[in-house]
Amino acid sequence: MNHLAPVTFITGGSGGLGKSTTARAIAHALGLRRMRTVLIDGNPGQQSQRAFLRIQTGGLEDAALDSIAGALIMPNRTHAAFALLPGPADPMRGDLVGLYGSAITALQPSCDAVIVDADRVDPTLWNTPTTFAGGVMRPMIDLGLARMIFIIGSAGSQLDDGLDALAAIHQPQRVLAIAQTGQLAKPRPESGWRQVTAPVAQWGGICQWDKTSTMMLDKGQAGYPAGQEPAWLAHACLWAGGRKNDFTPQRKGRRR
């Protein structure tokens, strides 16, 4: 049987939750473990990966005109442990759903992991086949061909919008929910989060911004050094196809 890399969409119900940062950190962590990892910029209107990594050339449409390999920005140019497939030069193209679907399928045989930084999801987008959510993510999730990591806000509209989107997706066995909490906020207890997300997703932990993650962004670093990933990120990497031994903390004095 031919090898096909697992595909993981990183999304959420609102903007400003750190979806792109999370996607980058997962791709970097997997790449540091010698997994051939491609990060796809699946938010054509924003393309924050292109901006963060300072990539000026290349685009998704190059994958249709040339081989998929020729469209990739390799690690020596991303200065990270992953290759990047940037979004299209023209984010208003009418054939983006087909281009993205073809690119993901073409990458799977030659990679160990495909991470897709996706735009937000809401019930309307999920039910509209011409959108990235409804035309790319939904078919792959519904058919069991991909998984999703869903970043959910801790309060207000970011929480409500996230729960509405998760209810519309309704694939609890294929979705991992991670709560995002601000640096100075007091996180909701994990037991409360498990109860809230149990009907619609697996529970992946709490991502709380701190001095380390803020400094990482300020310095333009793609992710954490190997072995220094927080628990929620290690869990996300395992969900995205990482090897268990690579993300299991070694406890001092642990009996065997």
Side-chain angles (χ1 to χ4, degrees), residues 6-27 29-30 39-43 46 48-49 100 104 113-128 131-182 185 187-188 190-209 213 229-242:
V7 176
T8 307
F9 296 101
I10 316 299
T11 187
S14 304
L17 291 173
K19 298 186 294 292
S20 295
T21 302
T22 299
R24 213 165 36 242
I26 293 171
L30 295 174
L39 174 61
I40 298 177
D41 198 331
N43 189 339
Q46 186 174 359
S48 58
Q49 301 298 351
Y100 273 112
I104 292 170
V114 177
I115 307 298
V116 186
D117 174 18
D119 198 356
R120 69 179 185 88
V121 177
D122 64 29
T124 299
L125 293 170
W126 190 251
N127 290 302
T128 305
T131 66
F132 188 92
V136 181
M137 283 195 283
R138 181 169 187 172
M140 296 194 73
I141 296 293
D142 285 352
L143 292 172
L145 302 177
R147 284 184 163 191
M148 178 185 291
I149 293 176
F150 191 98
I151 314 299
I152 187 169
S154 298
S157 62
Q158 290 186 331
L159 174 59
D160 294 338
D161 291 348
L163 292 175
D164 286 346
L166 284 170
I169 296 166
H170 198 63
Q171 287 282 2
Q173 298 305 314
R174 306 204 68 80
V175 179
L176 184 74
I178 294 174
Q180 194 274 344
T181 303
R188 179 197 301 259
E190 296 233 6
S191 58
W193 273 116
R194 290 179 186 276
Q195 184 176 3
V196 167
T197 59
V200 287
Q202 306 295 301
W203 172 239
I206 299 172
C207 166
Q208 182 161 25
W209 287 92
S213 51
E229 296 89 358
W232 69 267
L233 181 55
H235 193 162
C237 289
L238 291 173
W239 186 260

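Position 1 is the first residue of the sequence; numbering continues from there.
- Residues Ile40 and Val114 are in side-chain contact: their nearest non-hydrogen atoms beyond the backbone lie under 4.5 Å apart.
- No side-chain donor-acceptor contact under 3.5 Å links Thr8 to the backbone of Met148.
- At distances below 3.5 Å, not a single donor-acceptor pair connects side-chain atoms of Arg24 with backbone N or O atoms of Gln49.
- Heavy atoms only, all atoms of each residue included: Ala236 and Ile178 are closest at CB-CD1, 3.9 Å.
- With rounding to the nearest 0.5 Å, the separation of OG in Ser14 from CG in Asp122 is 9.5 Å.
- Annotation: side chain of Thr22 is in contact with side chain of Trp232 (closest heavy-atom distance under 4.5 Å).
- Side-chain contact check for Val136 versus Ile104: some heavy-atom pair is nearer than 4.5 Å.
- A donor-acceptor contact under 3.5 angstrom links the side chains of Asn127 and Arg138, judged on distance only.
- In this structure, Phe9 CZ and Lys19 NZ are separated by 15.0 Å, a value rounded to the nearest 0.5 Å.
- Taking 4.5 Å as the limit, some side-chain heavy atom of Leu163 sits within range of a side-chain heavy atom of Ile152.
- Two residues are said to be in side-chain contact when any heavy atoms from C-beta on lie closer than 4.5 Å; Trp126 and Ile141 meet this criterion.
- The neighbour count for Glu190 CD, taken as heavy atoms of other residues, nucleotides or ligands under 6.0 Å away, is above 12.
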Are Gln158 and Leu17 close enough, and set up right, to give a side-chain contact (heavy atoms from CB on, under 4.5 Å), and what steps lead you there? CA-CA 8 Å; Gln158 290 186 331; Leu17 291 173; 3.5 Å; yes
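- Using modelled atom types, no side-chain atom of Gln202 and backbone atom of Ala177 make a donor-acceptor pair closer than 3.5 Å.
- With rounding to the nearest 0.5 Å, the separation of CD1 in Ile149 from CG in Leu233 is 8.5 Å.
- Looking at heavy atoms from C-beta onward, Phe150 lies out of side-chain contact with Thr197 at the 4.5 angstrom threshold.
- Between Trp193 and Trp203, the ring-plane angle classifies as parallel under the 30° and 60° cut-offs.
- When all heavy atoms of Leu30 and Cys237 are compared, the closest pair comes out as CD2-O, 3.9 Å.
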For Ser48 and Asp117, what are the C-alpha separation, side-chain angles and deciding distance, and is it a side-chain contact (heavy atoms from CB on, under 4.5 Å)? CA-CA 9 Å; Ser48 58; Asp117 174 18; 3.8 Å; yes
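- No side-chain heavy atom of Leu125 sits less than 4.5 Å from a side-chain heavy atom of Asp119.
- In this structure, Ala240 and Ala113 approach most closely via the heavy-atom pair O-CB, 4.3 Å.
- Of all the heavy atoms in Ala23 and Ile10, the pair that sits closest is CB-CG1, 3.7 Å.
- Gln208 contributes atom CD, which lies 7.5 Å from atom CD1 of Ile206 (distance to the nearest 0.5 angstrom).
- The nearest pair of heavy atoms linking Gly13 to Ala165 is CA-CB, 4.4 Å.
- Between Pro139 and Gly135, the shortest heavy-atom distance links the atoms CG-O, 3.5 Å.
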Run the numbers on Val116 and Phe132 for side-chain contact (heavy atoms from CB on, under 4.5 Å), then give the verdict. CA-CA 11 Å; Val116 186; Phe132 188 92; 3.7 Å; yes
